[in-house]
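Here the structure is a predicted model, which is why all the values come from computation and not from measurement. Start at 1 and go down the list; that is how both ligands and their atoms are numbered.
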Amino acid sequence: MAISLWKNVLQTTKERILQQRGVSLYNSAHGYEEEAIKKKLQQFAGGSITLSKEDDGIGILTLNNPKLMNAFTGTMMLELQERVSELENWKDGKGLIICGAGNTFCSGSDLNVVKAIANSQDGMNMCMFMQNTLTRLMRLPLISVALVQGKAFGGGAELTTACDFRLMAPGSEMRFVHKRMGLVPGWGGAARLVAIVGHRAALRLLSGATGVDPEMARRLGLSEETLESSDGSGALEEARAWLGRHTEGPASVVRAVKEVVAAGRELPLEAALRTEKDIFGRVWGGPANLEALARRAKHK
Ligand SMILES: CCC(=O)SCCNC(=O)CCNC(=O)[C@H](O)C(C)(C)COP(=O)(O)OP(=O)(O)OC[C@H]1O[C@@H](n2cnc3c(N)ncnc32)[C@H](O)[C@@H]1OP(=O)(O)O
């Protein structure tokens with residue numbers, strides 16, 4: 001009796017921890033040295049990650065390093081972590097679009113950084129740092145879209161898989177180039193790709209370092225839609241309109257929708273069901289629910 005009670009408490013605590021945003025996958029118990037890798041990444045400056053939080057509850061996160069096809073410098077990795085913390089605290093947020101400056105998405109890690117930290121200790125720390133950040137990004141209670149223009153290569157392709165959806169502009173390309181670099185994805189991109197396209201397609205894309213155009217991405221279920229516009233502002237407007245259709249309504253409800261799906265994706269069935277019950281309890285009889293009942297909403 002006492003043992004089963006204890007097991008239940010442990011299980012519930014584990015579920016709560018999983019659900020908590022901002023909780024990192026890795027800590028010092030895993031040999032992760034966060035302060036050491038932050039200090040190292042700080043030495044490789046350049047580019048920036050900007051976040052604009054709009055009144056309609058949509059955030060626009062822009063990778064800015066167009067000189068290097070928006071490759072991730074060390075300081076950009078640090079800034080991404082800061083922006084994710086900011087988004088975790090944005091209670092009015094409903095959606096997020098991630099895009100790159102200069103009509104291209106991101107060419108992965110800055111190869112100058114890769115060269116400089118090509119030793120096991122730094123590599124593992126950088127890998128854990130980016131997995132922590134991208135897992136927190138994936139778990140945000142915001143519906144997220146990667147707007148792929150130009151190239152999304154290497155870590156850039158991995159970043160797109162941390163979003164709920166991908167929209168591709170005409171002529172754009174995603175490519176997991178890691179194998180050609182003697183690598184495998186390390187930012188969580190392989191695990192997420194398998195979840196999105198299945199293990200056979202993921203193996204094909206990784207083992208062939210295959211370029212994926214918008215049509216192939218649609219066929220694989222990697223992209224939701226091919227946009228009409230290939231220029232920066234036109235594509236962004238289309239992405240906003242697309243996301244706007246999924247983020248219509250009060251933030252409390254949109255965020256709850258994302259949360260039940262995230263629980264279903266990440267938790268074992270019973271834990272997911274319990275989480276769904278808790279989230280249901282938050283919206284049931286809430287202002288949006290009462291308002292819909294009062295207006296006798298019909299769904300034609
Ligand atoms: C997490 C693991 C990883 O992400 S490993 C890194 C994986 N990424 C790569 O290997 C990408 C290497 N780059 C490329 O294949 C090409 O530059 C791509 C992205 C196809 C773009 O080609 P293209 O349109 O012809 O432009 P370009 O080659 O002239 O590039 C413009 C300038 O940007 C630079 N650049 C590009 N990508 C990176 C990168 N990842 N790190 C550092 N620099 C990069 C290019 O070297 C070029 O610079 P420069 O004008 O020659 O000084």
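The atoms of ligand 1 that sit less than 4.0 Å from any heavy atom of Asp110 are 41 (N), 42 (C). Against a heavy-atom cut-off of under 4.0 Å, Ala71 is close to the following atoms of ligand 1: 39 (C), 40 (N), 41 (N). Atoms of ligand 1 found under 4.0 Å from any heavy atom of Trp187 (numbered from 1 in listed order, with element): 1 (C). Heavy-atom contacts of Gly155 reach the following atoms of ligand 1: 1 (C), 3 (C), 4 (O) (cutoff under 4.0 Å).
Less than 4.0 angstrom separates atom 1 (C) of ligand 1 from at least one non-hydrogen atom of the protein. For atom 30 (O) of ligand 1, a protein heavy-atom neighbour is present inside the 4.0 Å cut-off. The protein reaches atom 40 (N) of ligand 1 closely, with a heavy atom under 4.0 angstrom from it. Protein heavy atoms are absent from the space less than 4.0 angstrom from atom 16 (C) of ligand 1. Within a 4.0 Å radius of atom 37 (N) of ligand 1, the protein contributes one or more non-hydrogen atoms. Shown here, atom 33 (O) of ligand 1 is in close reach of the protein: a heavy atom of it lies under 4.0 Å off. Contact annotation for atom 20 (C) of ligand 1: protein present (non-hydrogen atoms, distance under 4.0 Å).
Ser144 places a side-chain N or O within donor-acceptor distance of the main-chain N or O of Asp164, the cut-off being under 3.5 Å. Side chain of Arg175 to backbone of Ala209: a donor-acceptor contact under 3.5 angstrom is found. Put simply, the side chain of Gln131 never gets that close to the backbone of Leu25: no donor and acceptor are under 3.5 Å apart. Asn125 places no side-chain N or O within 3.5 Å of a backbone atom of Glu34 that could act as its donor or acceptor partner. Thr50 places no side-chain N or O within 3.5 Å of a backbone atom of Leu63 that could act as its donor or acceptor partner. Of the possible donor and acceptor atoms, none in the side chain of Asp122 sits under 3.5 Å from a partner among the backbone N and O of Ala118.
Cluster annotation: Phe72 and Leu61 are assigned to the same hydrophobic cluster (Ile/Leu/Val/Met/Phe/Trp/Tyr, side-chain heavy-atom contacts under 4.5 Å, transitive). Leu142 is connected to Val84 through a chain of hydrophobic side-chain contacts under 4.5 Å among Ile, Leu, Val, Met, Phe, Trp and Tyr, so both are in one cluster.
Looking only at heavy atoms of the protein, atom 9 (C) of ligand 1 is closest to Ser107 O, 3.7 Å. Taking atom 14 (C) of ligand 1 as the reference point, the nearest protein heavy-atom neighbour is Phe153 CD2, 4.7 Å. The protein heavy atom nearest to atom 10 (O) of ligand 1 is Met181 SD, 3.7 Å. Ranking the protein heavy atoms by distance from atom 43 (N) of ligand 1 puts Leu68 CD2, 3.8 Å first. Atom 47 (C) of ligand 1 has its closest protein heavy atom at Lys67 O, 4.7 Å.
Checked against a 3.5 angstrom limit, the closest N/O atoms of Ser109 and ligand 1 fall inside it. Considering backbone and side-chain N/O of Leu111, one or more are found under 3.5 Å from N/O of ligand 1. Between Gly108 and ligand 1, a contact under 3.5 Å exists for no N or O pair.
Proximity of Val177 to ligand 1, defined as any heavy-atom pair under 4.0 Å, is confined to the side chain (atoms from C-beta onward). At a 4.0 Å heavy-atom cut-off, ligand 1 does not touch Phe72 at all.
When the heavy atoms of Lys115, Glu173, Met69 are ranked by distance to atom 26 (O) of ligand 1, first place goes to Met69.
Classification of Arg282 and Glu259 as a salt-bridged pair holds, one side-chain N sitting under 4.0 Å from a carboxylate O. Salt-bridge annotation for Lys94 and Asp56: absent, with no side-chain N of the basic residue lying under 4.0 Å from a carboxylate O of the acidic one. Salt bridge absent: Glu215 and Arg218 never bring a charged side-chain N and a carboxylate O closer than 4.0 Å. Under 4.0 Å is where a charged nitrogen must lie from a carboxylate oxygen, and between Glu224 and Arg166 no such pair does. Electrostatic pairing of Arg240 and Glu54 counts as a salt bridge here, judged by a charged N lying under 4.0 Å from a carboxylate O.
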